[in-house]
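Structure first, then comments.
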Amino acid sequence: MNGVPRSPDNTSWHIELPHSPPAAPIARAVVRNALIELDSPVDSGTAELLVCELVTNAIEHTATDAAVSLSVTALPDGVLVEVRDRDPRPLEAGQWGRAAAQAVHDAVEPDDLDELREDGRGLQLIQMLSSACGSRATRNGKTVWFTLAPESEETPPADPPADR
């Protein structure tokens, strides 16, 4: 999860975001506009949801008030989104766990309040919906990233239900 796909001829967008809640909608707009400019077949809604999760996590869990950086890079087979913060604490391996994400996806018993928590699911959501994801330490913090590939054109649309 630490290898980030790179290509020397990629088109990139970069912005410094405020360390405050308005950063999330700004990040969504940057991703949306980047995908439009690229005429990318990557699903914008998914990209916007995932970048919002990364930016919100960076703001909520970073001890400093330093700006958060967002980069969107076109890849030959999709897009790379990276969010950098100044918190040197690495993400723990368990935060990326698929088991917790699957528990949210599967039917959850209403009495199981821990499974219904609204926080703590962002990284698992990113892992489920992205093509790849990970984090890496930087000289003055860390970068958390994900890639998205274009939606598969091989999946045929579902047939409508037959009339009865």
Side-chain angles (χ1 to χ4, degrees), residues 1-7 10 12-13 15 17 21 23-36 38-62 68-85 87 89-138 141-159:
M1 285 193 191
N2 291 326
V4 178
R6 291 276 183 204
S7 176
N10 291 329
S12 294
W13 290 261
I15 187 171
L17 300 167
I26 295 168
R28 286 193 307 265
V30 168
V31 167
R32 181 182 326 112
N33 289 326
L35 294 176
I36 290 169
L38 287 170
D39 194 24
S40 175
V42 168
D43 181 62
S44 179
T46 301
E48 291 178 52
L49 171 67
L50 299 186
V51 76
C52 186
E53 291 292 339
L54 288 187
V55 169
T56 299
N57 282 348
I59 291 167
E60 288 182 0
H61 301 292
T62 302
V68 174
S69 299
L70 167 65
S71 296
V72 181
T73 304
L75 300 173
D77 58 348
V79 67
L80 166 67
V81 176
E82 299 173 289
V83 173
R84 287 179 281 294
D85 65 50
D87 191 337
R89 295 176 297 168
L91 295 177
E92 296 175 18
Q95 291 176 285
W96 288 110
R98 281 196 184 270
Q102 194 61 44
V104 172
H105 184 267
D106 293 343
V108 176
E109 293 295 322
D111 294 337
D112 193 349
L113 296 179
D114 189 50
E115 291 296 327
L116 295 176
R117 286 180 40 210
E118 291 186 16
D119 63 338
R121 303 285 186 229
L123 295 176
Q124 288 87 12
L125 184 65
I126 291 164
Q127 187 177 29
M128 287 179 65
L129 297 177
S130 68
S131 303
C133 59
S135 64
R136 66 180 183 283
T138 62
K142 70 178 162 299
T143 297
V144 184
W145 60 271
F146 67 86
T147 61
L148 286 176
E151 293 182 318
S152 174
E153 295 176 10
E154 297 174 11
T155 306
D159 291 331

Verdict with supporting geometry, V144 and N57, side-chain contact (heavy atoms from CB on, under 4.5 Å): CA-CA 10 Å; V144 184; N57 282 348; over 6 Å; no
Derivation of the side-chain contact (heavy atoms from CB on, under 4.5 Å) call for L50 and L54: CA-CA 6 Å; L50 299 186; L54 288 187; 5.9 Å; no
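Partner of C133 under the side chain to side chain contact (heavy atoms under 4.5 Å, CB included) criterion, chosen from L123, I126, T147: I126.
In terms of heavy atoms, F146 sits closest to S130 at CB-CB, 3.8 Å. Shortest non-hydrogen contact noted between P150 and P41 is CB-CG, 3.5 Å. When every heavy atom of A23 is checked against every heavy atom of L17, the shortest pair comes out as CB-CB, 3.8 Å. Shown here for T56 and A24, the closest heavy-atom pair between the two residues is OG1-CB, 4.0 Å. For S12 against T73, the heavy-atom pair with the smallest separation is OG-OG1, 3.1 Å.
Looking at R84, its side chain never comes within 3.5 Å of a backbone N or O of S71 through a donor-acceptor pair. Of the possible polar contacts, none joining the T62 side chain to the D87 backbone as a donor-acceptor pair under 3.5 Å is found.
Atom-to-atom distance recorded for L125:CG and L49:CG is 5.0 Å, nearest 0.5 angstrom.
No side-chain heavy atom of L148 sits under 4.5 Å from any side-chain heavy atom of L80.
Scanning for side chain to side chain donor-acceptor pair (under 3.5 Å) contacts around T46 gives D43, with sequence neighbours left out.
For residues 25-36, the side chain to side chain donor-acceptor pair (under 3.5 Å) pairs, not counting sequence neighbours, are R32-E48.
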